Amino acid sequence: MSDTPKKLSTDAYKGVRDFFPVDMAVQRHIFNIWETTSKKYGYEEYGASVLEPADLYRAKTGEEIINEQTYSFIDRGDREVTLRPEMTPTLARMVAARKRELTFPLRWYSIPNLFRYEQPQRGRVREHWQLNVDIFGVESLAAEIEVISMAYDITRAYGLKDTDFEIRLNSRRLMHYVTADVFNLDEHQSHTISKLIDKKDKVKADWFEAAAMEILGDNTPKFLTLLNSKNFEEFTTNLPQTAEEHKGLSEVRQVIAGLEKLGITNTRFDQTLMRGFDYYTGIVFEVFDLNPANRRAVLGGGRYDDLLSLFGNEKVTAVGFGAGDVTARDLMETYNALPAAPSSADIMICVVGEHNIPYALDVAQKIREKGQRIAVDLSIKKLGDQISHANKRGIPKIIVIGDEEVSTGKLKTKDLKTGEEQELIG
RNA sequence: GUGCCUAUGGUGUAAUGGUUAGCACUCGGCUCUGUGAAAGCCGCAGCAUGGGUUCGAAUCCCAUUAGGCACCCCA
């Protein structure tokens, strides 16, 4: 320590947020949407520690890159520990651990905070909260339809209309068929081209074409035609005849039809939608905001049938998605759908004279027993100041307690909006 | 990790290289010691840090630090 002590900064650590009451109100609102939707569909809540052994994430990707984007450290017992960057591996670990005891289908949700070590920028921070919804043990497309329907409900609850967003769908199975069977690529090439497809809308057309050429050669024009198909029908006709009965095509068709039966019609097949994770095996989807100010995915997920094999278990089929709080908040801001801050109490007791505080506390306690939220102003300021303080906090009613009230035992509530006074009974 | 931009009271902002660094909100006090939403008055509090140019720097230059945005990467 130097002799000129440096003041501590009041800033939060880079990339993480403080939640002041006004922010917490928004966060609560988002969590409530997530929770009520999950519960409405019969999902059970689970949770886990933010700490996981680093191996859990290494096993999944087999790449060192993951390490550079996680918070990892060595504990005192020489174990390598990571702050979870996503919830799915933890979930897979938990389900695998109790696979024999659990009754499938399993419907689980959680709202974990997740960490990643990255440069913060708009929509991306180092700690965020994410709803994770997963259904295990349902092989049929009913699982996809249910989960996408939840995603739809959540997006509507954010305050968006059907015309504000669309649900983009694709099938990993279909795309694998395209790369492996239609274009005869090996696994490695398929993987590379998949990553490329994912980038299509972000890079220049000629750059994309050149990159595709390196892998596909003469087939590139055919490939580009396919990727540029305007809709599902056109995409289908650009495929060989034999593709018609391929499962990848029919599953896209069925999910779209299934959602339509539920009244969800703003779906769109998108052959360029891949999603980052390698573990997806079937349908993948994203809710995409069409507002020109945003134009980005607000949530996404898909089917991953093989993840539990990491733990040596036999297959358990799974479909799930994740939705982040940062995008939800940004979305509500652009759509002007942020909730009004709730008041902290129904009634404030203003106390005139310090000696009357014990009496006021007693009154407050009795009213609380009836289920009202009540706070006592302990400031001993002038009455006018106390009232104006209650008003500023959005507390709708006050009770004044001073010598007069204590001696008569008669209390009145006053409505700060209307000015009306009412005798308090009991 | 790379590039671009930014940095003035707690917050939001103003100031042709020369002002006592201005304004609004917030906060504290008063007009007004048992009834608030108004108005007015008073007060607290600031040029991110370190160098340089200059008679003179909030202002120009450099570095550092911090933040934002974009790239990279992508839960």
Side-chain angles (χ1 to χ4, degrees), chain A residues 4 6-17 20 22 50 52 56-57 60-61 63-71 82-91 110 112-132 195 198-199 202-203 274-280 286 296-297 299-302 304 320-327 348-354 356 377 379-408 411-421:
Chain A
T4 50
K6 213 172 165 186
K7 279 183 200 156
L8 284 171
S9 167
T10 55
D11 292 343
Y13 170 73
K14 187 182 178 75
V16 309
R17 298 160 291 161
F20 288 89
V22 60
V50 296
E52 286 282 3
L56 184 63
Y57 305 104
K60 196 196 80 183
T61 60
E63 291 171 36
E64 284 300 311
I65 300 167
I66 268 290
N67 272 340
E68 292 167 22
Q69 294 182 345
T70 58
Y71 278 90
T82 296
L83 266 56
R84 62 183 175 205
E86 52 159 329
M87 197 57 170
T88 308
T90 300
L91 171 64
S110 191
N113 53 339
L114 308 173
F115 299 83
R116 59 180 172 200
Y117 192 83
E118 280 193 305
Q119 291 307 321
Q121 52 193 278
R122 178 167 165 80
R124 300 182 73 176
V125 288
R126 289 184 170 181
E127 181 191 21
H128 74 132
W129 276 257
Q130 186 187 66
L131 169 69
N132 276 251
K195 295 278 169 196
D198 199 31
K199 280 187 190 160
K202 292 181 198 163
V203 299
M274 297 304 288
R275 307 274 313 150
F277 291 128
D278 288 341
Y279 53 64
Y280 288 123
E286 271 179 8
R296 63 175 172 194
L299 61 83
Y304 53 101
F321 71 88
D325 69 320
V326 181
T327 37
M348 174 70 88
I349 296 185
C350 303
V351 188
V352 180
E354 192 167 7
N356 290 322
D377 191 320
S379 69
I380 333 179
K381 285 189 185 172
K382 285 184 291 188
L383 182 57
D385 288 340
Q386 295 191 38
I387 294 173
S388 117
H389 181 240
N391 196 38
K392 209 171 282 179
R393 304 198 76 135
I395 296 171
K397 289 179 178 172
I398 58 156
I399 294 172
V400 176
I401 291 182
D403 294 341
E404 206 179 295
E405 285 77 10
V406 172
S407 63
T408 62
L411 301 178
K412 285 182 289 187
T413 61
K414 176 173 182 172
D415 189 302
L416 290 182
K417 273 223 179 72
T418 63
E420 260 171 56
E421 293 195 315

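Chain letters run A, B, ... following the sequence lines, proteins first and then strands; every chain starts at 1. Given the structure is predicted, the values throughout are model-derived calculations rather than measurements.
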Peer 1: For A:Glu86 and A:Tyr57, which heavy atoms make the closest approach, and how far apart are they?
Peer 2: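 Minimum heavy-atom contact is O-OH, 4.0 Å.
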Peer 1: For B:G50, give its Watson-Crick or G-U wobble partner with both distances under 3.5 Å, or none.
Peer 2: B:C62
Peer 1: Using a 4.0 Å heavy-atom cut-off, does A:Glu404 contact any base of the nucleic acid, only the sugar-phosphate backbone, or nothing at all?
Peer 2: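 Contact class for A:Glu404: base.
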Peer 1: Quantified in whole Å, what is the P atom distance between nucleotide B:C62 and nucleotide B:A45?
Peer 2: 34 Å
Peer 1: For B:G3, which nucleotide is its Watson-Crick or G-U wobble mate, given both distances must be under 3.5 Å?
Peer 2: B:C69
Peer 1: Indicate, with a heavy-atom threshold strictly under 4.0 Å, whether A:Leu114 touches base, sugar-phosphate, or nothing.
Peer 2: nothing
Peer 1: Please round to the nearest 0.5 Å and tell me the distance separating atom SG of A:Cys350 and atom CD1 of A:Ile387.
Peer 2: 5.5 Å
Peer 1: What is the distance from NZ of A:Lys381 to P of B:U35, rounded to the nearest Å?
Peer 2: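 A:Lys381 atom NZ is separated from B:U35 atom P by 18 Å.
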Peer 1: Categorize A:Glu127 for me: base, sugar-phosphate, or nothing, with a 4.0 angstrom heavy-atom threshold over every strand shown.
Peer 2: nothing
Peer 1: Does a side-chain N or O from A:Lys382 land closer than 4.0 Å to OP1 or OP2 of B:G29, or not?
Peer 2: no
Peer 1: What's the CG-C1' distance between A:Leu383 and B:C32, to the nearest Å?
Peer 2: 12 Å
Peer 1: Distance between the C1' atoms of B:C73 and B:C47, in whole angstroms?
Peer 2: 38 Å
Peer 1: Rounding to an integer number of Å, can you tell me how far A:Arg124 CZ sits from B:C72 P?
Peer 2: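 Distance, rounded to whole Å: 10 Å.
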Peer 1: Between A:Asp403 and A:Asn356, is any pair of side-chain heavy atoms under 4.5 Å apart?
Peer 2: yes
Peer 1: With side chains defined as the heavy atoms from C-beta onward, is the minimum distance between A:Phe115 and A:Val50 less than 4.5 Å?
Peer 2: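 Contact flag for A:Phe115/A:Val50 side chains = yes.
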Peer 1: In whole angstrom, give me the gap between the P atoms of B:A38 and B:C25.
Peer 2: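 Each nucleotide's P atom is 11 Å from the other's.
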Peer 1: Given that A:Asn391 and A:Val125 both sit by RNA chain B, which one's nearest nucleotide is further toward the 5' end?
Peer 2: A:Asn391
Peer 1: Using whole Å, what does the distance between atom C1' of nucleotide B:U35 and atom CG of A:Asp385 come to?
Peer 2: 11 Å
Peer 1: What is the distance, to the nearest angstrom, from the CD1 atom on A:Ile349 to the C1' atom on B:U35?
Peer 2: 16 Å
Peer 1: Looking only at the side chain of A:Gln119 (C-beta and beyond, no hydrogens), which of the listed nucleotides B:C71, B:U35, B:U31 gets closest?
Peer 2: B:C71
Peer 1: When all nucleic acid strands are considered with a 4.0 Å heavy-atom cut-off, which category describes A:Gly384: base, sugar-phosphate, or nothing?
Peer 2: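 Since only primed, P, OP1 and OP2 atoms lie under 4.0 Å of A:Gly384, the category is sugar-phosphate.
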Peer 1: So does A:Gln121 reach the base of B:G67 with its side chain, donor to acceptor, closer than 3.5 Å?
Peer 2: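 No pair found.
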Peer 1: Quick one: closest heavy-atom pair of A:His389 and A:Asp377, and the distance?
Peer 2: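 Looks like ND1-OD2, 3.9 Å.
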Peer 1: What's the closest nucleotide to the A:Ile387 side chain, out of B:G36, B:C27, B:G34?
Peer 2: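 Out of B:G36, B:C27, B:G34, the nucleotide with an atom closest to A:Ile387's side chain is B:G36.
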Peer 1: Any strand is fair game: report the nucleotide pairing with B:A39 by Watson-Crick or G-U wobble, both distances under 3.5 Å, or none.
Peer 2: B:U31
Peer 1: Examine B:G67: is either OP1 or OP2 under 4.0 Å from a nitrogen or oxygen in the side chain of A:Lys14? Give yes or no.
Peer 2: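 Yes, A:Lys14 has a side-chain N/O under 4.0 Å of OP1/OP2 on B:G67.
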Peer 1: If the cut-off is 4.0 Å, is A:Lys199 near the phosphate of B:C71, judged by side-chain N/O to OP1 or OP2?
Peer 2: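 No, no such contact exists.
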Peer 1: Any N or O donor-acceptor pair linking the side chain of A:Arg275 to the base of B:C74 at under 3.5 Å?
Peer 2: no
Peer 1: How many whole angstroms separate atom CD1 of A:Ile398 from atom C1' of B:G36?
Peer 2: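 Taking atom C1' of B:G36 as the reference, CD1 of A:Ile398 is at 8 Å.
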Peer 1: Suppose we define a pair by two distances each less than 3.5 Å, Watson-Crick or G-U wobble; what does B:C23 pair with here?
Peer 2: B:G12
Peer 1: Could you tell me the separation between the CD atom of A:Glu118 and the P atom of B:U2, rounded to a whole number of Å?
Peer 2: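 That distance rounds to 16 Å.
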Peer 1: Return the nucleotide paired to B:C74: Watson-Crick means purine N1 to pyrimidine N3 with N6-O4 or O6-N4, wobble means G-U with N1-O2 and O6-N3, both under 3.5 Å.
Peer 2: none
Peer 1: What's the gap between B:A48 and B:A21 when it is taken at their P atoms, as a whole Å value?
Peer 2: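 15 Å, rounded to whole Å.
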Peer 1: Can you tell me how far C1' in B:G46 sits from the matching atom in B:G9, rounded to whole Å?
Peer 2: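 Each nucleotide's C1' atom is 4 Å from the other's.
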Peer 1: Could you tell me whether A:His128 contacts a base, only the sugar-phosphate backbone, or nothing, with contacts defined as non-hydrogen atoms closer than 4.0 Å?
Peer 2: base
Peer 1: Work out how far the P atom of B:U13 is from that of B:C69, and round it to whole angstrom.
Peer 2: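 It comes out at 15 Å once rounded to the nearest Å.
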Peer 1: Record whether the side chain of A:Lys414 comes under 3.5 Å of the base of B:U35 through a donor-acceptor pair of N or O atoms.
Peer 2: yes
Peer 1: Which part of the nucleic acid, if any, lies within reach of A:Arg84 when heavy atoms closer than 4.0 Å are counted: base, sugar-phosphate only, or nothing?
Peer 2: nothing
Peer 1: Can you confirm whether the side chains of A:Thr413 and A:Glu421 place a donor and an acceptor under 3.5 Å from each other?
Peer 2: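 Note: A:Thr413 and A:Glu421 side chains miss the donor-acceptor criterion.
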Peer 1: Using the P atom on both, measure B:U53 against B:U16 and round to a whole Å.
Peer 2: 25 Å
Peer 1: Taking the same atom, C1', in B:G51 and in B:U19, what whole-Å distance lies between them?
Peer 2: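 So the two C1' atoms sit 27 Å from each other.
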Peer 1: How close or far is atom P of B:U35 from atom CD1 of A:Ile401, stated in whole angstroms?
Peer 2: 17 Å
Peer 1: Apply side chain to side chain donor-acceptor pair (under 3.5 Å) to residues A:Asn132 and A:Gln130 and explain how you reach the verdict.
Peer 2: CA-CA 6 Å; A:Asn132 276 251; A:Gln130 186 187 66; 3.0 Å; yes
Peer 1: May I ask you to say what A:Lys412 touches in the nucleic acid, namely base, sugar-phosphate or nothing, with a heavy-atom cut-off under 4.0 Å?
Peer 2: nothing
Peer 1: How is A:Arg116 classified with respect to the nucleic acid when contacts are heavy atoms under 4.0 Å: base, sugar-phosphate, or nothing?
Peer 2: base
Peer 1: Do A:Arg116 and A:Tyr71 form a cation-pi contact, if we require the NZ or CZ to be under 6.0 Å from the six-membered ring centre and within 45 degrees of the ring's axis?
Peer 2: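 Output no; distance or angle outside limits.
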Peer 1: Scan every strand shown for a Watson-Crick or G-U wobble partner of B:C55, both distances under 3.5 Å, and answer none if you come up empty.
Peer 2: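 In the structure as shown, B:C55 has B:G18 as its Watson-Crick or wobble partner.
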